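Model, not experiment: these values are computed from the prediction.
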Amino acid sequence: AHAELEERVQERTHDLQREVTDRQRAVEALRASEQRYRSVTQSANDAIILADSLGMIVFWNPRAQSMFGYAEEDVLGQPLTSIMPARFRESHVRGLARYTTTGEAHVIGRTVELAGLRRDGAEFPIELSLTTFKVGEERFYTGLIRDITERKQAEQAIHEREEQLRVSQKMEAVGQLAAGIAHDFNNLLTAINGYSQWLLTRLEPGHPIRNEIEQIKIAGERASIL
(Lines give C-alpha, C1' and ligand atoms only; values in the text may rest on other atoms or scores of the structure.)
Protein backbone atom coordinates (compact mmCIF):
# COMPACT_ATOMS: atom_id res chain seq x y z
CA ALA A 1 0.00 0.00 0.00
CA HIS A 2 2.83 2.34 0.84
CA ALA A 3 4.51 1.65 -2.53
CA GLU A 4 1.25 2.26 -4.37
CA LEU A 5 0.73 5.56 -2.55
CA GLU A 6 4.25 6.62 -3.35
CA GLU A 7 3.71 5.76 -7.00
CA ARG A 8 0.53 7.88 -7.11
CA VAL A 9 2.34 10.77 -5.49
CA GLN A 10 5.07 10.56 -8.10
CA GLU A 11 2.52 10.47 -10.93
CA ARG A 12 0.69 13.47 -9.49
CA THR A 13 3.99 15.28 -9.10
CA HIS A 14 4.84 14.59 -12.72
CA ASP A 15 1.37 15.80 -13.78
CA LEU A 16 1.82 19.03 -11.83
CA GLN A 17 5.25 19.54 -13.34
CA ARG A 18 3.81 19.10 -16.84
CA GLU A 19 0.99 21.53 -16.04
CA VAL A 20 3.48 24.11 -14.77
CA THR A 21 5.65 23.60 -17.84
CA ASP A 22 2.67 23.92 -20.18
CA ARG A 23 1.51 27.04 -18.34
CA GLN A 24 4.96 28.59 -18.58
CA ARG A 25 5.09 27.83 -22.29
CA ALA A 26 1.65 29.38 -22.78
CA VAL A 27 2.70 32.50 -20.87
CA GLU A 28 5.90 32.76 -22.90
CA ALA A 29 3.96 32.30 -26.14
CA LEU A 30 1.50 35.01 -25.06
CA ARG A 31 4.34 37.35 -24.22
CA ALA A 32 6.02 36.65 -27.56
CA SER A 33 2.72 37.24 -29.35
CA GLU A 34 2.21 40.54 -27.52
CA GLN A 35 5.76 41.60 -28.37
CA ARG A 36 5.24 40.79 -32.04
CA TYR A 37 1.90 42.62 -32.03
CA ARG A 38 3.40 45.69 -30.42
CA SER A 39 6.38 45.57 -32.77
CA VAL A 40 4.06 45.53 -35.78
CA THR A 41 1.72 48.22 -34.51
CA GLN A 42 4.52 50.50 -33.32
CA SER A 43 6.30 50.40 -36.70
CA ALA A 44 3.23 50.33 -38.97
CA ASN A 45 2.90 52.98 -41.67
CA ASP A 46 -0.87 53.12 -41.08
CA ALA A 47 -2.62 54.41 -38.00
CA ILE A 48 -3.99 51.55 -35.89
CA ILE A 49 -6.77 52.44 -33.48
CA LEU A 50 -8.72 50.11 -31.20
CA ALA A 51 -12.05 51.07 -29.66
CA ASP A 52 -14.36 49.29 -27.25
CA SER A 53 -18.05 48.51 -27.74
CA LEU A 54 -18.97 52.07 -26.69
CA GLY A 55 -16.69 53.59 -29.33
CA MET A 56 -14.05 54.71 -26.82
CA ILE A 57 -10.40 54.58 -27.86
CA VAL A 58 -8.35 51.94 -26.01
CA PHE A 59 -5.25 51.73 -28.24
CA TRP A 60 -3.41 54.31 -30.34
CA ASN A 61 -0.18 53.57 -32.20
CA PRO A 62 2.63 56.07 -33.02
CA ARG A 63 1.44 56.54 -36.62
CA ALA A 64 -1.98 57.57 -35.31
CA GLN A 65 -0.24 60.14 -33.12
CA SER A 66 1.70 61.65 -36.03
CA MET A 67 -1.35 61.51 -38.30
CA PHE A 68 -3.89 63.13 -35.98
CA GLY A 69 -1.58 65.14 -33.70
CA TYR A 70 -2.74 63.59 -30.41
CA ALA A 71 -0.48 61.70 -28.00
CA GLU A 72 -1.82 58.36 -26.79
CA GLU A 73 -2.52 59.66 -23.28
CA ASP A 74 -4.65 62.45 -24.79
CA VAL A 75 -7.06 60.11 -26.58
CA LEU A 76 -7.32 56.94 -24.47
CA GLY A 77 -10.87 56.79 -23.15
CA GLN A 78 -12.03 59.45 -25.60
CA PRO A 79 -14.74 58.76 -28.22
CA LEU A 80 -13.79 58.03 -31.81
CA THR A 81 -15.95 60.97 -32.84
CA SER A 82 -13.25 63.31 -31.50
CA ILE A 83 -11.12 62.55 -34.57
CA MET A 84 -14.04 62.82 -37.04
CA PRO A 85 -15.37 65.94 -38.77
CA ALA A 86 -18.71 66.95 -37.26
CA ARG A 87 -20.71 65.88 -40.34
CA PHE A 88 -19.74 62.21 -39.81
CA ARG A 89 -20.36 61.91 -36.07
CA GLU A 90 -24.10 61.36 -36.02
CA SER A 91 -23.99 58.63 -38.68
CA HIS A 92 -21.13 56.94 -36.79
CA VAL A 93 -23.14 56.83 -33.55
CA ARG A 94 -26.20 55.48 -35.39
CA GLY A 95 -24.11 52.84 -37.18
CA LEU A 96 -22.50 51.68 -33.93
CA ALA A 97 -25.88 51.38 -32.22
CA ARG A 98 -27.35 49.53 -35.21
CA TYR A 99 -24.48 47.03 -35.30
CA THR A 100 -24.68 46.45 -31.54
CA THR A 101 -28.43 45.84 -31.73
CA THR A 102 -28.90 44.02 -35.04
CA GLY A 103 -25.43 43.02 -36.25
CA GLU A 104 -26.06 44.97 -39.46
CA ALA A 105 -22.84 46.65 -40.64
CA HIS A 106 -22.34 49.07 -43.53
CA VAL A 107 -18.65 49.78 -42.97
CA ILE A 108 -17.18 46.82 -41.07
CA GLY A 109 -15.22 44.50 -43.34
CA ARG A 110 -14.96 47.12 -46.09
CA THR A 111 -12.49 49.82 -47.07
CA VAL A 112 -14.05 53.26 -47.36
CA GLU A 113 -12.83 56.78 -48.01
CA LEU A 114 -13.71 59.36 -45.37
CA ALA A 115 -12.12 62.41 -43.79
CA GLY A 116 -10.12 62.65 -40.57
CA LEU A 117 -9.84 65.59 -38.21
CA ARG A 118 -6.43 66.64 -36.91
CA ARG A 119 -5.86 68.23 -33.54
CA ASP A 120 -5.42 71.64 -35.20
CA GLY A 121 -8.87 71.33 -36.79
CA ALA A 122 -7.62 70.57 -40.30
CA GLU A 123 -9.43 67.88 -42.28
CA PHE A 124 -7.60 65.39 -44.48
CA PRO A 125 -8.72 62.45 -46.66
CA ILE A 126 -8.33 58.96 -45.20
CA GLU A 127 -8.89 55.36 -46.22
CA LEU A 128 -10.46 53.32 -43.40
CA SER A 129 -10.55 49.54 -43.00
CA LEU A 130 -12.65 48.50 -39.99
CA THR A 131 -12.82 45.05 -38.38
CA THR A 132 -14.30 43.73 -35.14
CA PHE A 133 -13.38 41.02 -32.64
CA LYS A 134 -14.52 39.78 -29.22
CA VAL A 135 -12.63 39.12 -26.00
CA GLY A 136 -15.02 37.15 -23.83
CA GLU A 137 -18.29 39.02 -24.03
CA GLU A 138 -16.66 42.35 -24.82
CA ARG A 139 -16.57 43.52 -28.44
CA PHE A 140 -13.76 45.66 -29.83
CA TYR A 141 -13.17 47.44 -33.11
CA THR A 142 -9.89 47.81 -35.00
CA GLY A 143 -9.45 50.63 -37.48
CA LEU A 144 -6.58 50.75 -39.98
CA ILE A 145 -6.32 54.29 -41.27
CA ARG A 146 -4.22 55.51 -44.17
CA ASP A 147 -3.62 59.17 -45.03
CA ILE A 148 -4.40 59.43 -48.76
CA THR A 149 -3.68 63.15 -49.14
CA GLU A 150 -0.87 62.57 -51.65
CA ARG A 151 -2.99 60.12 -53.66
CA LYS A 152 -5.88 62.58 -53.81
CA GLN A 153 -3.53 65.36 -54.88
CA ALA A 154 -2.14 63.12 -57.63
CA GLU A 155 -5.67 62.22 -58.77
CA GLN A 156 -6.61 65.91 -58.81
CA ALA A 157 -3.50 66.76 -60.82
CA ILE A 158 -4.34 64.01 -63.34
CA HIS A 159 -7.93 65.28 -63.57
CA GLU A 160 -6.73 68.83 -64.17
CA ARG A 161 -4.29 67.69 -66.86
CA GLU A 162 -7.04 65.67 -68.55
CA GLU A 163 -9.31 68.72 -68.46
CA GLN A 164 -6.54 70.89 -69.90
CA LEU A 165 -6.02 68.32 -72.65
CA ARG A 166 -9.75 68.28 -73.46
CA VAL A 167 -9.80 72.09 -73.63
CA SER A 168 -6.67 72.06 -75.79
CA GLN A 169 -8.20 69.50 -78.14
CA LYS A 170 -11.40 71.57 -78.39
CA MET A 171 -9.40 74.71 -79.12
CA GLU A 172 -7.36 72.85 -81.74
CA ALA A 173 -10.56 71.63 -83.39
CA VAL A 174 -12.02 75.15 -83.36
CA GLY A 175 -8.76 76.49 -84.77
CA GLN A 176 -8.79 73.94 -87.58
CA LEU A 177 -12.41 74.77 -88.35
CA ALA A 178 -11.70 78.51 -88.35
CA ALA A 179 -8.67 78.03 -90.58
CA GLY A 180 -10.73 75.98 -93.06
CA ILE A 181 -13.52 78.56 -93.12
CA ALA A 182 -10.99 81.41 -93.53
CA HIS A 183 -9.38 79.56 -96.44
CA ASP A 184 -12.74 79.05 -98.18
CA PHE A 185 -13.75 82.69 -97.65
CA ASN A 186 -10.39 83.88 -98.88
CA ASN A 187 -10.89 81.94 -102.11
CA LEU A 188 -14.24 83.70 -102.62
CA LEU A 189 -12.82 87.11 -101.73
CA THR A 190 -9.90 86.61 -104.10
CA ALA A 191 -12.39 86.26 -106.92
CA ILE A 192 -14.42 89.28 -105.75
CA ASN A 193 -11.36 91.50 -105.33
CA GLY A 194 -9.81 90.31 -108.58
CA TYR A 195 -12.90 90.97 -110.67
CA SER A 196 -13.44 94.35 -108.91
CA GLN A 197 -9.92 95.42 -109.85
CA TRP A 198 -10.40 94.13 -113.41
CA LEU A 199 -13.64 96.17 -113.78
CA LEU A 200 -12.01 99.34 -112.42
CA THR A 201 -9.24 99.08 -115.02
CA ARG A 202 -11.87 98.96 -117.75
CA LEU A 203 -14.04 101.83 -116.46
CA GLU A 204 -13.12 105.40 -117.19
CA PRO A 205 -13.09 107.98 -114.35
CA GLY A 206 -16.56 109.44 -113.93
CA HIS A 207 -18.29 106.31 -115.17
CA PRO A 208 -21.77 106.00 -113.53
CA ILE A 209 -21.01 102.68 -111.77
CA ARG A 210 -17.33 103.22 -111.02
CA ASN A 211 -18.01 104.42 -107.45
CA GLU A 212 -20.07 101.29 -106.72
CA ILE A 213 -17.31 99.02 -108.02
CA GLU A 214 -14.76 100.84 -105.85
CA GLN A 215 -16.97 100.25 -102.77
CA ILE A 216 -17.15 96.54 -103.66
CA LYS A 217 -13.34 96.42 -103.87
CA ILE A 218 -12.87 98.26 -100.53
CA ALA A 219 -15.34 95.92 -98.80
CA GLY A 220 -13.60 92.88 -100.30
CA GLU A 221 -10.18 94.07 -99.09
CA ARG A 222 -11.51 94.66 -95.56
CA ALA A 223 -13.10 91.21 -95.57
CA SER A 224 -9.77 89.66 -96.62
CA ILE A 225 -8.01 91.38 -93.72
CA LEU A 226 -10.69 90.16 -91.30
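- Inter-residue side-chain proximity for I145 and D46 is flagged as unmet; no heavy-atom pair is nearer than 4.5 Å.
- Under a hydrophobic-cluster definition in which Ile, Leu, Val, Met, Phe, Trp and Tyr are linked whenever side-chain heavy atoms come within less than 4.5 Å, directly or via other members, F59 and F133 are assigned to the same cluster.
- With sequence neighbours left out, the salt bridge (charged side-chain N to carboxylate O under 4.0 Å, His left out) criterion links E214 to R210.
- I108 and T131 get closest at one heavy-atom pair: CG2-CA, 4.3 Å.
- If you chain together hydrophobic residues whose side chains sit under 4.5 Å apart, L96 and L130 fall into the same group.
- Judged by distance alone, with hydrogens and angles left aside, the side-chain atoms of S168 form no donor-acceptor pair with the main-chain N or O of Q164 at under 3.5 Å.
- For D74 and R119, the salt-bridge test passes: some basic side-chain N is under 4.0 Å from an acidic carboxylate O.
- The two residues A115 and E123 have their closest heavy-atom pair at CB-OE1, 4.1 Å.
- A side-chain donor-acceptor contact under 3.5 Å links E160 and Q156.
- Salt bridge status for D147 with K152: absent, with no side-chain N to carboxylate O gap under 4.0 Å.
- Closest heavy-atom contact between I49 and F68: CD1-CE1, 4.2 Å.
- Around the CG atom of L165, the shell of radius 6.0 Å holds more than 12 heavy atoms that belong to other residues, nucleotides or ligands.
- Within the 3.5 Å criterion, the main-chain N or O of A47 finds no donor-acceptor partner in the side chain of N61.
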Query raised in the report: Would L188 and T190 satisfy side-chain contact (heavy atoms from CB on, under 4.5 Å), going step by step from the backbone distance to the final call?
Result: CA-CA 5 Å; L188 297 173; T190 297; over 6 Å; no
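- Under a hydrophobic clustering in which Ile, Leu, Val, Met, Phe, Trp and Tyr are joined whenever their side-chain heavy atoms come within less than 4.5 Å, directly or via other members, L144 and I148 fall into different clusters.
- In this model, a donor atom of one side chain and an acceptor atom of the other lie less than 3.5 Å apart for E138 and S53.
- Using a 4.0 Å cut-off between a side-chain N of Lys or Arg and a carboxylate O of Asp or Glu, R151 and E127 qualify as a salt bridge.
- Between F88 and T81, every side-chain heavy-atom pair lies at or beyond the 4.5 Å cut-off.
- Both L80 and V112 are members of a single hydrophobic cluster when ILVMFWY side chains are connected at heavy-atom separations under 4.5 Å.
- Between the side chain of T132 and the backbone N or O of F140 there is at least one donor-acceptor pair closer than 3.5 Å.
- Other residues, nucleotides and ligands place more than 12 heavy atoms under 6.0 Å from the CZ atom of R166.
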**Report entry** R146 vs E113, salt bridge (charged side-chain N to carboxylate O under 4.0 Å, His left out): CA-CA, chis, key distance, verdict
**Finding:** CA-CA 10 Å; R146 178 167 297 178; E113 291 187 5; over 6 Å; no
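- W198 belongs to a hydrophobic cluster with L189, I192, L199, L200, L203, I209, I213, I216, counting contacts under 4.5 Å between side-chain heavy atoms of Ile, Leu, Val, Met, Phe, Trp and Tyr, direct or through other members.
- Taking all atoms of both residues into account, the shortest heavy-atom contact from G77 to M56 is O-SD, 3.6 Å.
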**Report entry** Intermediate values then yes/no, side-chain contact (heavy atoms from CB on, under 4.5 Å), Q197 and N193
**Finding:** CA-CA 6 Å; Q197 182 64 37; N193 292 339; over 6 Å; no
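- Remark: the backbone N or O of P79 is paired with a side-chain donor or acceptor of S82 at under 3.5 angstrom.
- F124 and T149 make their closest contact through CB-OG1, 3.9 Å (heavy atoms, listed as atom of the first residue, atom of the second, distance).
- Here the CG-CZ distance, from L54 to R139, works out to 13.0 Å after rounding to the nearest 0.5 Å.
- Taking 4.0 Å as the cut-off between side-chain N and carboxylate O, E212 and K217 do not count as a salt-bridged pair.
- Side chain to side chain, R94 and S91 fail the donor-acceptor criterion of an N or O pair below 3.5 Å.
- In this structure, W60 and Y70 have perpendicular ring planes: the angle between them is above 60°, well past the 30° mark.
- Side-chain atoms of M171 and Q176, non-hydrogen and from C-beta on, never get closer than 4.5 Å to each other.
- Expressed to the nearest 0.5 Å, how far CD1 of I57 lies from CG of L50 amounts to 10.5 Å.
- The shortest heavy-atom contact between S129 and T111 is OG-OG1, 2.9 Å.
- R89 places a side-chain N or O within donor-acceptor distance of the main-chain N or O of M84, the cut-off being under 3.5 Å.
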